[in-house]
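Below is one structure, written out as structure tokens; the observations come after it.
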Amino acid sequence: MISTMMPSPDNIRDPHLRRNRKGMPLLPGGYGRSAYHVGKEPPYAVHGEGWRMWDDNGRELIDANGNFTTLIHGNAHPEIVEAAEQAIRTGASWGIPNLSEWDLAETMLDRLPGLDQIRFANSGTEAVMSAFRIARAVTGRDGIVMTKDGFHGTSDFALLASGPTKGVARSAESDVTLVPLGDIDELREVFQNNPTKYAAIILDLLPNKAGLLPLSKEFVEEARALATAHGALLIFDEVVSFRLGPNGLGGRMGVLPDLLTAGKVIGGGFAIGAIAGRQEYMSILDPWSPESISHSGTFSGNPVSMAAGVVALQLLTPAEIERLNSLGDNARAEANAVLNAHGWEMRGLGSLLRPFPLDARQLDGETQRRLWWAAYENGVVLSSANLAALSTPMGEQVVHDFTDRLVGAVIKTAEGAE
Ligand SMILES: Cc1ncc(COP(=O)(O)O)c(C=O)c1O
């Protein structure tokens, strides 16, 4: 007979399956994402409002993590909530196209002069995977050039940016070529050695994992020239950096890619990814064409992410981007005036900030985790890699308070205190 008793922590037969720690052992390590890992059991988020969040210890925090830079309008922005609620009430997902997808396509392409068409996905990872596939289908080649220690999501090819990793198909390795960040000579050599191997060069213009220093315009322009000369596509991965300019960071640099991947901020806090590009390449996805390749996804272009994204981008006016970026610049200057004497610096660009030791090679995982906890104790939530992202509900006073608290945490970490 089938038992009707519902499993609960008290009636699960195997006592090892009882939870001794939050999330344990139902989630491996207690986590639903590896990126949550901060060395010790982390707090749980229970409520968010604007730039504030509260955890299950009742602690009020400045949310400088913003779901890893996604929540550019803070938590539960009323206009975004209203748009999402309205979309949910009307039907959260359908199996034929919806009008909000069209609206977001228009909103995005208005911001991307030179790019003609767009497809939506559910994450930045998916967007990058699709961009690679488009580049391969268009060029008939397999090779991808990436910068060393870039981050382009968690697909097999993208993970190879940090070298071979357990679980990643070995067959992918021969197709990925890594170039040291900013090394123009090496980039040229890669194409000299194999002029017809590469389908694409992918660049994250502000690579967080590699140190949160923007790529130089010279390097980006050389990538543009080499891609054009050798029939490869240039992809800008703006999943994080799109927030930095009305047309993304590529727009600020004045360089046009063939394809651009976006995510995070463009979904208003809901799952999203996007591949925008020139029509001559994007048309490979056109199902009317006998040559077309497939790109789908049950939740791609769902009306909730689309409607929330439209409002998020409407709220993210050029003036708001400029205000947020200058708040970031001021915070960096304010922090550096204190931190340099302690052997640290605040790096980043515009509204994205991250503390590093002056000799960035000294930064190890253990130091990052100590800094995360020191910031948390001071009332600031960072990403596990210590990246901080400002949000539009923040004004001068909040950013000053945030900077003060973060600087205090860095000094404590620099001094080796727990
Ligand atoms: C530059 C870049 N590309 C792609 C991704 C993957 O995006 P997602 O986490 O939405 O899959 C990320 C995630 O942080 C990223 O920083």
Side-chain angles (χ1 to χ4, degrees), residues 31-37 64-72 108 119-135 144-162 165 168 176 178 181 200-215 220 223 234-245 248-250 253 257 259-277 295 297 299-302 305-306 308-309 312 347-354 368 382-389:
Y31 298 118
R33 296 186 209 169
S34 302
Y36 287 151
H37 185 51
N65 174 318
N67 192 13
F68 294 82
T69 77
T70 299
L71 304 178
I72 196 159
M108 281 292 291
R119 272 283 177 96
F120 294 104
N122 302 292
S123 66
T125 294
E126 268 186 48
V128 170
M129 285 167 65
S130 300
F132 289 165
R133 194 161 308 133
I134 293 168
I144 305 283
V145 180
M146 298 181 192
T147 54
K148 222 175 195 159
D149 287 328
F151 183 70
H152 301 289
T154 51
S155 70
D156 273 12
F157 288 105
L159 284 176
L160 286 170
S162 306
T165 309
V168 168
V176 171
L178 300 181
L181 211 60
I201 307 175
I202 186 165
L203 300 178
D204 173 358
L205 305 177
L206 182 67
N208 176 36
K209 203 168 169 206
L212 207 67
L213 294 174
L215 294 186
V220 176
L234 179 65
I235 306 171
F236 284 173
D237 180 354
E238 295 239 37
V239 168
V240 169
S241 60
F242 190 72
R243 62 155 50 219
L244 295 170
L249 186 48
M253 287 184 171
L259 298 175
L260 178 145
T261 54
K264 299 201 192 257
V265 298
I266 69 160
F270 292 85
I272 200 155
I275 315 104
H295 160 265
F299 296 104
S300 292
N302 76 77
S305 300
M306 300 296 108
R347 285 190 187 173
L349 189 69
S351 59
L352 297 170
L353 303 103
R354 183 173 160 192
Q368 283 181 61
L382 301 174
S383 85
S384 43
N386 304 151
L387 180 62

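We use all heavy atoms of the structure for the numbers below, so side chains are in, but hydrogens, waters and symmetry mates are not. Counting convention: from 1, in listed order, for ligands and their atoms alike.
- By the 6.0 Å contact criterion, NZ on K148 is open, its count of non-hydrogen atoms from other residues, nucleotides or ligands being 12 or less.
- The nearest protein atom to atom 16 (O) of ligand 1, hydrogens excluded, is given as V240 CG2, 3.2 Å; this is a heavy-atom distance.
- Of the protein's heavy atoms, F151 CD2, 3.7 Å lies nearest to atom 15 (C) of ligand 1.
- Heavy-atom contacts of G153 reach the following atoms of ligand 1: 4 (C), 5 (C), 6 (C) (cutoff under 4.0 Å).
- Of all heavy-atom pairs spanning L212 and L353, the tightest one is CD2-C, 3.9 Å.
- In this structure, atom 14 (O) of ligand 1 lies nearest to the protein heavy atom K264 NZ, 3.0 Å.
- For atom 3 (N) of ligand 1, the closest non-hydrogen atom of the protein is D237 OD2, 2.7 Å.
- Scanning both residues, A158 and F132, for their nearest heavy atoms gives N-CE1, 4.4 Å.
- Counting heavy-atom neighbours within 6.0 Å of F299 CZ, excluding the residue itself, gives a total of 12 or less.
- Looking at H295 and R133, their side chains never come closer than 4.5 Å, going by heavy atoms from C-beta outward.
- Using the six-membered ring where Trp is involved, Y36 and Y31 have ring planes that are tilted, between 30° and 60° apart.
- Residue contact check: D204 has heavy atoms under 4.0 Å from atoms 1 (C) of ligand 1.
- Between the side chains of S130 and R119, not a single donor N or O lies within less than 3.5 Å of an accepting N or O.
- With a heavy-atom cut-off of 4.0 Å, T125 touches ligand 1 through backbone and side chain alike.
- Listed by number with element, the atoms of ligand 1 under 4.0 Å from a non-hydrogen atom of S123 are 10 (O), 11 (O).
- Protein heavy atom in closest approach to atom 7 (O) of ligand 1: G124 CA, 3.3 Å.
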